[in-house]
Amino acid sequence: MAEKGVTPRSEDYSRWYTDVVQKAELADYSPVKGCMVIRPYGYTLWENIQAALDRRFKETGHVNAYFPLFIPLSFLQKEAEHVEGFAPQLAVVTHGGGEKLEEPLVVRPTSETIIGHMYSQWIRSYRDLPVLINQWANVVRWEMRTRLFLRTTEFLWQEGHTAHATQAEAEEETLRMVGVYADFAINEAAIPVIQGKKSDREKFAGAVYSTTIEAMMGNGWALQSGTSHFLGQNFARAFDIKFLNQNNEMEYAWTTSWGLSTRMVGAIIMTHGDDQGLVLPPRLAPIQVVIVPIWRKDTEKMPVLALAHQVTAALKAAGIRVKLDDRDEVSAGYKFNDWEMRGVPLRIEIGPRDVEQNAVVFARRDMPGKEGKTFGVPVEGVARAANDMLVTLQAALLQRATAFRDANTRAVRNYDEFKQVLDGPGGFIRVHWAGSDEDEDRIKDETKATIRCYPFDAPEGEGICFYTGKRTDRVAIFARAY
RNA sequence: CGGGGCGUAGCGCAGUCCGGUCAGCGCGCUUGAUUUGGGUUCAAGAGGUCCGGAGUUCAAAUCUCCGCGCCCCGACCA
């Protein structure tokens, strides 16, 4: 690893990613294989993600609850597709208190089963519906290959589980929540995700269908960043979630589930980061503004620090998450690089020249060097100016990511072109698609690209499938994915 | 689990082929100066059961055998 800075993205993208995660002190490897330690800076970022999501969940009528970590193994086996999908990834507890357990307990990989079991006891009448519950939890999936934040054995997430009286209501909920994820991703994380439906091959084990938000990472790969599933009556039948309707008839409930995990942190890193390190969207950044005081002589130190404290207080009063870096033992240049690595959106530099003019210097993280600096920002009204700059930065990040995604989204006319794009520039391939599940498998085998989603927003209309040559109005986005 | 690579100071590594002043380097850390508008410089210092075990040998980081662990590539996935 380089002593300073990170491996350039162009040299080795996954190395760059790992470097950023560790050097920005977001997370570290743990002594347990496949697990990571989320460090305070990374955890604060996650807390900000949680707050932004939780607010949206509450606004859409959901409440939080908590269900147990351990699930009887037999529960997993009640839904055939579900157990088939998750069996290879389960961690199972066979002993407790020095005794062999009568029935093994699964460490939850997801909670549809145990929540389904509880819902069957809580739901009696149509008057009990809908049930709209979310939980913030950790889950465990024994993955073969892990990567910090993107795929770890244990990860943090939220999982929403809802039950409804009608299919229409449940489907509406499924779409509402994928929409909430998209709204969060776009407006908080500045990630221009694409909403769509998963192909049958990629859907959640046990779902009727799954919806997703798909993001494009800096290397052109796709990252599934949140999912919302319509479960039909599959889990209701498996767990006997029944209610009496208004006609006094017994019916199975219609359920949904939806989740978004710490993987989102990975999405933020790979959407906005650059060769200087992390770049954080202001709305989620643990530190939105860092103030770096600069002085030459001891006589300059006092007035510079005095102004720095004054500006810090002004920003704090305006509700900005601000940090004054008054460390004595490192140089200003060191601090610049340090905070750039950590992705702080706005840096305010205050030196003797600024004290004289009663002004400060703004340096935005998304633009390197002088280009991103604004000199002579008056101290009077500095909080307002900083706030405006944060709004500008938030918009600029989204705009840049959107332009990148669009520039790396291509159409192809046939399979040869498809392969050429994947071997060349990569990115998203947006095509008409009339292939079968087997066709999809074959393409995955041959190119490693999968259907990321059938986008909801598909104004293309009818066209020719690049693979089968058939006419269809279905549009698919293919990409290599994490 | 299949294929590759690796385990020596907090981190990154050299040394291993050809056993013997090989316990070394860079960064980081500590102390003191110097410097501070883009990662200052210098000096002095602290820090290691060479992954573990067994064996060969006068002598093992180095050779042999057996373990353990990690990383990368594949099948699986939020």
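Chain letters run A, B, ... following the sequence lines, proteins first and then strands; every chain starts at 1.
Within a 6.0 Å radius of NZ in K323(A), other residues, nucleotides and ligands contribute 12 heavy atoms or fewer. Counting non-hydrogen atoms of neighbouring residues, nucleotides and ligands closer than 6.0 angstrom, the NZ atom of K197(A) reaches no more than 12 such neighbours.
For W295(A), there are no ring pair (Phe, Tyr, Trp, His ring centres under 6.0 Å) partners two or more places apart in sequence or in a different chain. The salt bridge (charged side-chain N to carboxylate O under 4.0 Å, His left out) search around R39(A) returns none, not counting sequence neighbours. The salt bridge (charged side-chain N to carboxylate O under 4.0 Å, His left out) search around D298(A) returns none, not counting sequence neighbours.
Proximity of the aromatic rings of F204(A) and F86(A) is defined here by a centroid distance below 6.0 angstrom, and this criterion is met. Two rings, from F478(A) and W433(A), have their centers less than 6.0 Å apart.
Residue R327(A) is out of contact with every strand shown, counting any heavy-atom pair closer than 4.0 Å.
Base pairing of rG74(B) is made with rC1(B), judged by Watson-Crick or G-U wobble geometry with both donor-acceptor distances under 3.5 Å. In this structure, rA14(B) forms no base pair with any nucleotide, since neither Watson-Crick nor G-U wobble geometry is met with both distances under 3.5 Å. Here rU64(B) sits opposite rA54(B) as a Watson-Crick or G-U wobble pair (both hydrogen-bonding atom distances under 3.5 Å). Across all strands shown, rG37(B) forms no Watson-Crick or G-U wobble pair with both distances under 3.5 Å. Pairing partner, rC6(B): rG69(B), with both Watson-Crick or wobble hydrogen-bond distances short of 3.5 Å.
At least one donor-acceptor pair under 3.5 Å links the side chain of H62(A) to the backbone N or O of F57(A).
Sorted by first then second residue, the salt bridge (charged side-chain N to carboxylate O under 4.0 Å, His left out) pairs that include residues 62-83 of chain A, not counting sequence neighbours, are E81(A)-K203(A). Residue pairs meeting the side chain to side chain donor-acceptor pair (under 3.5 Å) criterion with at least one member in residues 182-194 of chain A, sequence neighbours excluded, are R55(A)-E188(A), R56(A)-D183(A), R56(A)-E188(A), D183(A)-N187(A), E188(A)-R283(A). Applying the ring-ring contact (aromatic ring centres under 6.0 Å, His included) test to every pair with at least one member in residues 323-345 of chain A, sequence neighbours left out, gives no pairs at all.
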Which parts of nucleotides 71-78 of chain B does protein reach within less than 4.0 Å, heavy atoms only, written one letter per nucleotide 5' to 3' as B for base, S for sugar-phosphate only and - for none? -SSSBBBB
With the sugar-phosphate defined as primed atoms, P, OP1 and OP2, and the base as all remaining atoms, what B/S/- string results for nucleotides 29-34 of chain B, 5' to 3', for protein heavy atoms under 4.0 Å? ------
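Of the P atoms belonging to rG12(B) and rC6(B), the separation is 15 Å, rounded to the nearest Å. Here, rA78(B) and rU40(B) have their P atoms 46 Å apart, quoted to the whole Å. Separation of the C1' atoms belonging to rU62(B) and rC50(B) is 10 Å when rounded to the nearest angstrom. Separating the P atom of rU64(B) from that of rU16(B) is a span of 14 Å, rounded to the nearest Å. Here, rC25(B) and rA33(B) have their P atoms 26 Å apart, quoted to the whole Å. Comparing rG39(B) with rG2(B), their C1' atoms are spaced 45 Å from each other, to the whole Å. Nucleotides rG45(B) and rG24(B), compared at atom P, are 15 Å apart to the nearest Å. rG19(B) sits 9 Å from rU57(B) when the C1' atoms are compared, rounded to a whole Å.
In terms of phosphate contacts, S331(A) brings a side-chain nitrogen or oxygen within less than 4.0 Å of OP1 or OP2 of rU40(B).
Residues of residues 266-299 of chain A that place a heavy atom closer than 4.0 Å to RNA chain B, in numerical order, are I294(A), W295(A), R296(A).
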For a quick test of your reading: what N or O donor-acceptor pairs under 3.5 Å do the side chains of residues 143-156 of chain A make, sequence neighbours left out?
residue, atom, partner, partner atom, Å
E143(A), OE2, Q89(A), NE2, 2.9
R151(A), NH1, R145(A), O, 3.3
T152(A), OG1, E154(A), O, 2.8
T153(A), OG1, G34(A), O, 3.4
E154(A), OE2, N138(A), ND2, 2.9

Show me the donor-acceptor pairs within less than 3.5 Å that the side chains of residues 342-361 of chain A make with the rest of the protein, sequence neighbours left out.
residue, atom, partner, partner atom, Å
R342(A), NH1, D338(A), OD1, 2.6
R342(A), NH2, E25(A), OE1, 3.0
R342(A), NH2, E25(A), OE2, 3.4
R347(A), NE, E349(A), OE2, 3.1
R347(A), NH1, E340(A), OE2, 3.0
R347(A), NH2, E349(A), OE2, 2.9
E349(A), OE1, K373(A), NZ, 3.2
E349(A), OE2, K373(A), NZ, 2.9
D354(A), OD2, G351(A), N, 2.8

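The closest side-chain donor-acceptor pair between R108(A) and T110(A), if any, does not fall under 3.5 angstrom. One side chain, E112(A) or S257(A), offers a donor N or O that lies under 3.5 Å from an acceptor on the other.
Contact of D338(A) with rG39(B) (side chain to base): no donor-acceptor pair of N or O atoms is detected under 3.5 Å.
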Distances under 3.5 Å between protein N/O atoms and the N/O atoms of nucleotides 3-9 of chain B, please, pair by pair.
none

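Ring pair Y482(A)/W221(A) is tilted by interplanar angle, where 30° to 60° counts as tilted.
Across the protein-nucleic acid pair, L307(A) atom CG and rG37(B) atom P stand 18 Å apart, rounded to whole Å. Here rG38(B) presents its C1' atom at 14 Å from CE of M341(A), a figure rounded to the nearest Å. Rounded to whole Å, atom P of rU36(B) lies 9 Å from atom CD of E300(A). Computed from coordinates, the N337(A) CG to rG39(B) C1' distance equals 5 Å when rounded to whole Å. For the pair E25(A) CD and rC11(B) P, the interatomic distance rounds to 15 Å; values are reported in whole Å. Atom CG in L305(A) sits about 16 Å away from atom P in rU36(B), given to the nearest Å. The separation between E329(A) atom CD and rG39(B) atom C1' is 14 Å, rounded to whole Å. Whole-Å rounding puts the D325(A) CG to rG37(B) P distance at 14 Å.
Taking every side-chain heavy atom of V361(A) into account, rG37(B) is the closest of rU40(B), rG37(B), rG38(B).
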